[in-house]
Amino acid sequence: MELTPKITEKTWDHKLEEKVLEKWRGSDIYKFDEGRPDIFVMDTPPPYPSGRPWHIGAAAHYSQIDMIARAHRMLGSSVLFPIGIDRNGIAVEAYAEKKLGISMHNTPRQQFTEHCRTVLDELEAEMLGIMRSLGMSCDFDNYYRTDSVEHRSLTQKTFIELWKNGMIIEDTRPNNYCTKCCTIIADAEVVYEDLPTQLVYMRFGVKEGGEIVIASTRPELLAACQVVIVNPDDEANRKFVGKTAVVPIYGKEVKIVAHPQAKSDFGSGAAMICSYGDFSDVRLFREMKLKEVVMLDVRGKLTQSAGDYAGLSVFSAREKIIADMEAQGIVLKKETIVHRTPVCERSKTPIEIVPMKEFYLKQMDFVDKMRRFGETMKFYPESARQLLLDWVDSVAIDWPISRRRFYATEIPIWYCKSCNKAHLPEPGKYYQPWKDRAPFEKCGCGGTEFVPEERTFDTWMDSSITPLMISRYGKDDKFFKRVYPNSIRVQGKDIVRTWLYYSMLRCYQVTGSPPWGSAWVMGYVVDEKGKKMSKSKGNVVDPMPILEAHGSDNFRFWSATEAGLGSDYRFSEQKLQGSSKFLTKLWNVSRFISSFPQPERAALTETDKWIVEELARTIIDCKKAYREHNFFQAANTLRDFVWNVFANHYMEMVKARAYGEGDFTEEEKRAAWYTLHMCLKMSLQLLAPVTPFITDFVYGSLYSKKGESIHSMTFPSAKLTTYDGQESRAEVTRKILEFNSKVWNEKKAAGLSLNEGMKSEVPPDLEKFGKDLRAMHKMKD
RNA sequence: GGGUCUGUAGUCUAACGGUUAGGACAUCGCUCUCACACAGCGGAGAACAGGGUUCAAUUCCCUGCAGACCCACCA
């Protein structure tokens, strides 16, 4: 009979991915059905559009999230795989300001928010486009936006409910203040950088006679100095305790006291305590009941308290005051030191500590509870647990949630103009106090005029309720009960202390139970040299040209096989190219097998039984790995089976038999056909979550009778039967590989081509494969 | 300063208390061999250092070193 392959092209052309996408479009293979007995609900990260290009790491991140969804579908669950876009907050505003060359505070609010929406739409389109072409199987039709009326009203609803429960406090407390973003930020948004700074040694006069030298990195805060401390054991400075120091420039008198906080071996041994240089100042002010001097205004400029320096920025005030003091001989010396400086995570500006009246969400009362969740939740990988616990343990103050920004969810409050009482509207609607009419007629005091709250929420107030959003909290009770708590949270390790922690806190406060039972945490994609990618370093890689050049399946396969669960991995185009050779292999294996008919059943030979056993082991290992969200292991196991065992050895062994050459019966030939197809079909299924395009294409060409997709299948089941244990199977495989390699080497040494005959013998313990082996190597007696 | 994790060839990694330490990419040879030159075959190339436990350690323990990350009030 004539054998014609159904697959003719020599390589997998990734342009075909578009055709496969087309086929998926409009089909409901990924549809979630909450009525199914097994459901798997994923709380997925809504990506944050902070500029162009989108990060290659994000493309890898979402590819892997998709693998989790696809694997669970094929393990038999109906999967809720939502997708949203996070569209609130400072990074968006900053991007709009930069792109359009405008300043938020000098632009009318209405106009500014419209600008933000416009730039967001562009960034969002790019992200969604990449996610689609990656082959993500999420619910694109119902994607959500955190700046939608629906989402913002949910954020406001939870706030109003928490307000009623007494969880919201308004208080004036020293806070992290970013002078660039012009707003308070939470501790979770502060990161530390080692920055060089000047430690200035200044001569303070002592009223009782003499002078004391004070070292400080913050001379611009001299006006706010309220006390000088020295260590009680400090030989040199002890004599000043109880005396009065005179602050240079300002001539103000402050006490010199003994305090263990002052380290005698740092600087001059004497420190000035100002409101507020850092958080140790905050603590000392509280401890000594000092009166704070507000040095900064909301624009980050020095206040009238700074005297001649009022109106200057922190940095220029520092330069000027140092110069002035040097002119007056007050500066003894200057040292450059490297200082672990708290900076704003987004703008990288050193944060200032400024007392401001803000809203806080109580979190200190929940620390124990959060710790317990962190201890009992399942983490993939386990090592991610510590990231959360470390953060929970360091939570020290309530969460400041109000921001002086525009593009975010508005705090839904109006104040009575006459008595200043705060009025909150009914939950359920979206309120914009700065532009809406107050939904109240009259205050209890009789007042009828209301002043809107102008501030907004921290964006984490919005994104921390994605589990509620996707579970239709407050909208569809039946659905909510079915899917909440969700099965799993998937996210990157960089947002453990924000998104992971805040989601636990918020969802627990609202519902009384944690939002999920497990969390999958992915590492960073770093550059070729192992450095973190960042826009400032200029080593970010744009995913679009990469995907266009190599295709999504190649990219996905690279991403799956490159690094283990939770590890960081390096992006290298060369490795991407290399690892994707496997797809060519898979394609050609399919091409070869596609030329043979597919018998319904067959009586297997010993060689067939051997590869079926190897296949069974592969199926069992892969399914186990997929259950643990470990496609690194699944993909590598498959690559090894398909390439190094099935293609290199089994296929070579049965080639003659399958072609009907030599001394084989018709039944034996059919057995080879049958086994080849079975191995290919099942390997495709096992690989489908990782490389959804090529597997669906080949499956569709060879095995799909009614045009159904491979993605509506479940994984094959397998049990180990032919051999009674892993030992003997592995042993047989090793011997076969060894023998084949030996013959190839002998032919090579003899200068023979591989299809020339050679005198050789099959070893006795491989005799049951003898017929195939003799045909394969054209062995002569 | 405290803590967590990790150290296997240029890179990513596997198994293992006794192995010639396995594979993939890159590199170097040789082959246009009938699914695949995006292939096949072959070569070269590795356990961070020191100590301990053990008949035996790359594997277990300790110390040091290096890296990654987390936390912390040295002005």
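Throughout, a chain's letter reflects where its sequence line sits, starting with A, and its residues are numbered from 1. Just so you know, these numbers use all the heavy atoms, side chains as well, and skip hydrogens, waters and symmetry mates.
Base-pair partner of G17(B): not found among the strands shown (Watson-Crick or G-U wobble, both distances under 3.5 Å). Remark: C34(B) base-pairs with no nucleotide in the shown strands. Criterion, Watson-Crick or G-U wobble with two distances under 3.5 Å. Pair check for C41(B) finds G29(B); Watson-Crick or G-U wobble, both atom distances under 3.5 Å. Pairing partner, C60(B): G52(B), with both Watson-Crick or wobble hydrogen-bond distances short of 3.5 Å. In this structure, U11(B) forms a base pair with A24(B), meeting either the Watson-Crick or the G-U wobble geometry with both donor-acceptor distances under 3.5 Å. Figure legend. C5(B) is base-paired to G67(B); pairs are counted as Watson-Crick or G-U wobble with both atom distances under 3.5 Å.
Contacts between residues 677-684 of chain A and RNA chain B, defined by a heavy-atom separation below 4.0 Å, involve no residue at all.
The separation of U31(B) from C65(B), taken at their C1' atoms, amounts to 47 Å, rounded to a whole angstrom. Nucleotides C16(B) and G3(B) are separated by 31 Å at their P atoms, to the nearest Å. Comparing the same atom, C1', in C55(B) and in A49(B) gives a spacing of 25 Å after rounding to whole Å. The separation of A72(B) from U19(B), taken at their C1' atoms, amounts to 47 Å, rounded to a whole angstrom. Using P as the reference atom, A57(B) and G23(B) are 25 Å apart when rounded to the nearest Å.
Taking NZ of K15(A) as the start and CD of E548(A) as the end, the distance is 8.0 Å to the nearest 0.5 Å. The CG atom of L680(A) sits 11.0 Å away from the OH atom of Y699(A) when rounded to the nearest 0.5 Å.
OP1 or OP2 of G42(B) sits under 4.0 Å from a side-chain N or O of S741(A). Using a 4.0 Å cut-off, no side-chain N or O of K585(A) falls inside it from OP1 or OP2 of C36(B). Regarding contacts with the backbone of C38(B), every side-chain N or O of N588(A) stays at 4.0 angstrom or more from both OP1 and OP2. Dashed line: the shortest gap from a side-chain N or O of R570(A) to OP1 or OP2 of U11(B) is not under 4.0 Å. Contact between the side-chain N/O atoms of K581(A) and the OP1/OP2 oxygens of A26(B) is found at a separation under 4.0 Å. A sub-4.0 Å separation between OP1 or OP2 of G40(B) and a side-chain N or O of W643(A) is present.
In the interface, the side chain of Q261(A) is paired with the base of C73(B) through a donor and an acceptor atom under 3.5 Å apart. Residue-to-nucleotide contacts include no donor-acceptor pair under 3.5 Å from the side chain of S394(A) to the base of C71(B).
Using cut-offs of 30° and 60° for the angle between ring planes, the W744(A) and H777(A) rings count as perpendicular. Between Y276(A) and F285(A), the ring-plane angle classifies as perpendicular under the 30° and 60° cut-offs.
Contacts classified as salt bridge (charged side-chain N to carboxylate O under 4.0 Å, His left out) and involving residues 263-276 of chain A (residues at least two apart or in different chains) are not found.
No salt bridge links R340(A) with D278(A); every basic N to acidic carboxylate O contact stays at or beyond 4.0 Å.
In terms of heavy atoms, Y502(A) sits closest to A188(A) at OH-CB, 3.4 Å.
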